[in-house]
Amino acid sequence: MSFRLPTFPGGVHPPDCKAPSAGCPVAAAPMPEKLAVTLAQGLGAPSRPVVAVGDRVLRGQLIAEPGGFVSAAIHAPTSGKVEAIGDCPHPAGVKAHAIYITPDGADEWAPGANVPAPAEAVAALKPKEIVEKVKAAGLVGMGGAAFPTHVKLSPPNDKPIDTVILNGCECEPYLTSDYRMMLEHAPEIVTGLRLLVRAVGAVRGVIAVEANKPDAYERLLREVRGIEGLSCRMVAVKYPQGAEKQLIKAILGREVPSGGLPMDAGALVQNVGTAAAVSDAVCFNRPLTERVVTISGDGIERPANLLCRIGVSYRTLLAAQGVKTEARRLISGGPMMGLAQWTADVPVTKGTSGILVLTTPPPPDWTACINCGKCVEGCPARLMPNRLSKLGEFRRFEDMAGRNVLDCIECGVCTWQCPAKRPIVQWIRQGKNELRLAKLKAEAAKKKAEAPEGVLPK
Amino acid sequence: MTEPAAPQGAPSAPPAPQAPAARLPEKWLVGSSPHARSGETVSQIMWTVALALLPTCAAGVVVFGWYAGLIIVLAASSAVVAEGIVQKALGRKVSVSDGSAAVTGVLLACCLPPNVKWYVPVVGSFVAIFIGKQLFGGLGRNYFNPALIGRAFLQFAFPTQLMMPQWPIVTRGSVFESLTGDIFKVASGTPGGADAVSLATPLAVIDPGTRALPADASPLAALGKGMGLDHGADVLRDLFLGNVPGCIGEVSKLAIILGGLILLFNRYINWRLPVAYVGAALVAVLVLPVKDFAGHWTGIYAADVYWPYIGQTLLVHLLSGGLLLGAVFMITDMVTRPTTVKGQVIYGIAAGVIVAMIRLYGGYPEGVCYSILLVNAARLVVEKYSMPRVFGTKRA
Ligand code: SF4
Ligand code: SF4
């Protein structure tokens, strides 16, 4: 091959299924009668509510503050009344409280929010101030992992970041929210990228777009043209091209060390949607109160890309787009890495990139591994999923540690491909969990042994 | 995050009263990601392998007559029956429809001479399935290629019927003639064959006591003479098309390559493995030191005599015997080869060298079956030492 787009070794090509929603411009989702803003919006500690039941809140008003360093601020998605603070099902299955808000229909912004900042003021911001603004706006990664953005923007001094990569790959089938953002909000994405580059003191910013979205690529290319240090790269269409470590490998040729973070490879990866939100936060004082969510899947009547307020329930959105009677699965995120839901009463969070309704039947019973090697060939972490799966099959989870199970990114490539339909990722998760428990137990035992009055270790 | 262990349903909470009525399923199917699977299945793979073997089988029938077809059918059906019986007896799920037993039977038939008695393939298939496959736990758990286990067993059980230098000669003219001529008339070819003239296989010609190609003549001409094919220059063509004595499935290289392309196209084999196997065998044939009966070195060690014929020597080794059949269908058997690409190359090279050694030094002119069985045993070790470097780790 004479010309090859940058990519990573391994990966697969599942059917992309993006056509049903790719052509749908972002439309406003219906405003429900009640919003459930969960306090666990991102990875890390849940946030602490700063409003009381009965309070009137305005859109963009702080309603919960970060519950720790790795935690994000939360703002009211619209104006209304705090109806209750209590239990709420969460798409990630975590136990979490939510602030229930009844919209008053005025959708009135809080004072100071949604006010454009003068260009000179933005230009004068110091890196620290940009990070502060990002933190105050409650930004989390919008690609799905929902890691608080300000944490990623605060690397320790000994880990300099030279490159900010914006992830516009959207390699999961069905999802088109990033694609629509790139088409419709290219200027904001580029502004956000420039702010991110400044915030971490990087020398370059790269927007990576998979080759199956040439129009988005062209659009962004036009936008970055002439801006020093910024570029737009087309990358090969392959799942999981948008996985952080794989994207860094493709763009920079660097491998994030095992157990390490992107900053260990001098890189920061942010989703394109997050970049647009950074621009909103810094240039318009607009906290994160809404996001684009793809509603699609073969069980949806009218696939769409909806601009949803944080806290609207899946049920509302599904009702608006119609669900076919053959619907079987409800997925938050993409079909490869998304989370299966048991109820449609979970709310949209800042990390919800898509809501899929699939008619996929349960997989057939798995059979013995036939050593086809497809999982080995496809594993982007270059593990031996066939061997891991055999350990899982015979419940030898403790032996998985010797097979680098912790380097698995749970991308699902192995399981997707397996002709024997073996639930490899499920076993791997069990293995990881087992290892975590064993570590906890070992720590507890060590503590006990070290305690002065403890029993003598045998 | 909690992930339910197995797909199961949980009732959804009562619908929120404020939401517009959406007809949602009572229960959503939940389970661990990924929520989509590729359509590929084990039986699809196995039946595709069977399809890839079809040209080879067809060529066997065209060359040797319908009795060869009967052997193939007997071997395949006995394998299926054997698999069903063991699975039933052991209380395992009967999975004969996945096609793997049929493939084993066909592969076994492919490496049998076309004039064996009818019970030979039956016994072979039962041994292949009982000992070669189900004893280890069934499909995917066997360490050795079941068809080759069956073949190796038959070699000992019926040595006279499988004796290599005693192949039947082609019962008709060239493949072309029989394709255009009346195949059905030839179908009456006597089972076990009166037509079966005792003639050397191509490989046996290489090994007529000198343990090397005759040094005095062009290897191809000698080969042609040894096989009773007088059309000198066409020997190569006959070797390629299959118009030569040999096992049912190994005669037509054209058919084997066609099947190999089917496997490659479906990405069920990696080209590096057959190429490593064949390549290593040919290189080893050249470099392994062999003396002829007069005590003269041959191969590259007798460059003056052999050099002009090196190309022919290699072609004879490549196109005769079961090397190509083994390279395309046997050594590539998924279950019994390493999964890593690097491992497959090492594995192929090891098997290739062994083939050459058996061919050159062994008292037995063909070594494909044993070379593959030997490396089968080393599969896990080869795989272990050829694992890829885990992403983000340093090269050890
Ligand atoms: S083992 Fe982990 S990283 Fe490798 S393919 Fe499977 S899920 Fe992906
Ligand atoms: S994909 Fe499945 S059958 Fe193939 S090697 Fe991996 S675990 Fe085994």
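Below, chains carry the letters A, B, ... as their sequence lines are ordered, and counting in each starts from 1. Computed over heavy atoms, backbone and side chain alike; hydrogens, waters and symmetry mates excluded.
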message: Among A:Asp264, A:Thr367, A:Val376, A:Leu330, which residue has the highest count of heavy-atom pairs closer than 4.5 Å to chain B?
response: A:Leu330
query: Do the side chains of A:Pro262 and A:Lys245 get nearer than 4.5 Å, heavy atoms only?
result: no
query: Are any of the side-chain nitrogens in A:Arg429 or A:Glu434 under 4.0 Å away from the carboxylate oxygens of its partner?
result: no
message: Any non-hydrogen side-chain atom of A:Ile409 less than 4.5 Å from a side-chain atom of A:Pro380?
response: yes
statement: Bottom line for A:Cys418: the part with an atom under 4.5 Å from chain B's heavy atoms is backbone
Most contacts with chain A, counted as non-hydrogen pairs under 4.5 angstrom, among B:Asn270, B:Asp333, B:Leu380: B:Leu380
query: Side chain, backbone, both or neither: which part of A:Cys369 has a non-hydrogen atom closer than 4.5 Å to chain B?
result: backbone
- prompt: Taking the side chain as C-beta and beyond, is there a heavy-atom pair between B:Ile372 and B:Val368 under 4.5 Å?
  reply: yes
field: Lys/Arg cation over aromatic A:Phe8: A:Lys249, 6.0 Å, 45° cone
entry: no
task: Show the numbers, then the answer: is there a salt bridge (Lys or Arg N to Asp or Glu O under 4.0 Å) between A:Lys324 and A:Glu301?
output: CA-CA 6 Å; A:Lys324 297 185 187 160; A:Glu301 304 264 11; 5.9 Å; no
field: Side chain, backbone, both or neither of A:Pro30 within contact of chain B (heavy atoms, under 4.5 Å)
entry: neither
query: Out of A:Gly10, A:Cys379, A:Cys375, A:Ala327, which one racks up the most heavy-atom pairs below 4.5 Å with chain B?
result: A:Ala327
message: Can you tell me which portion of B:Ile45 sits under 4.5 Å from chain A's heavy atoms? Options are side chain, backbone, both or neither.
response: side chain
message: Out of A:Asn404, A:Thr325, A:Asn433, return the one with the most heavy atom pairs under 4.5 angstrom to chain B.
response: A:Asn404
- line: Interface check, chain A: of B:Val341, B:Thr339, B:Leu139, B:Asn142, most non-hydrogen pairs under 4.5 Å belong to B:Thr339
query: Are the charged groups of B:Lys133 and B:Glu83 less than 4.0 angstrom apart, N to O?
result: yes
message: Would you say that more than 12 heavy atoms from the other residues, nucleotides or ligands in this model lie under 6.0 Å from the CZ of B:Phe136, or not?
response: yes
Chain B contact via A:Val357 - side chain, backbone, both or neither, heavy atoms under 4.5 Å: side chain
For chain B, the option from A:Pro419, A:Pro423, A:Gly373 that forms the most heavy-atom pairs under 4.5 Å: A:Pro419
Contact winner vs chain B - A:Gly333, A:Pro335, A:Pro257, heavy-atom pairs under 4.5 Å: A:Pro335
- request: Considering only heavy atoms and a distance below 4.5 Å, find which of A:Glu326, A:Arg387, A:Arg328 pairs most often with chain B.
  value: A:Arg387
message: I'd like to know which of B:Thr336, B:Asp98, B:Thr340, B:Val335 tops the heavy-atom pair count under 4.5 Å against chain A.
response: B:Val335
query: Non-hydrogen atoms of chain B under 4.5 Å away: do they reach the side chain of A:Met337, the backbone, both or neither?
result: backbone
message: Quick check on the interface: out of B:Met387, B:Glu40, B:Lys93, who has the most heavy-atom pairs with chain A under 4.5 Å?
response: B:Glu40
message: Tell me whether B:Arg141 is salt-bridged to A:Glu393, with the criterion being a basic N under 4.0 Å from an acidic carboxylate O.
response: yes
query: Do A:Glu255 and A:Arg382 meet the salt-bridge criterion of a basic N to acidic O distance under 4.0 Å?
result: yes
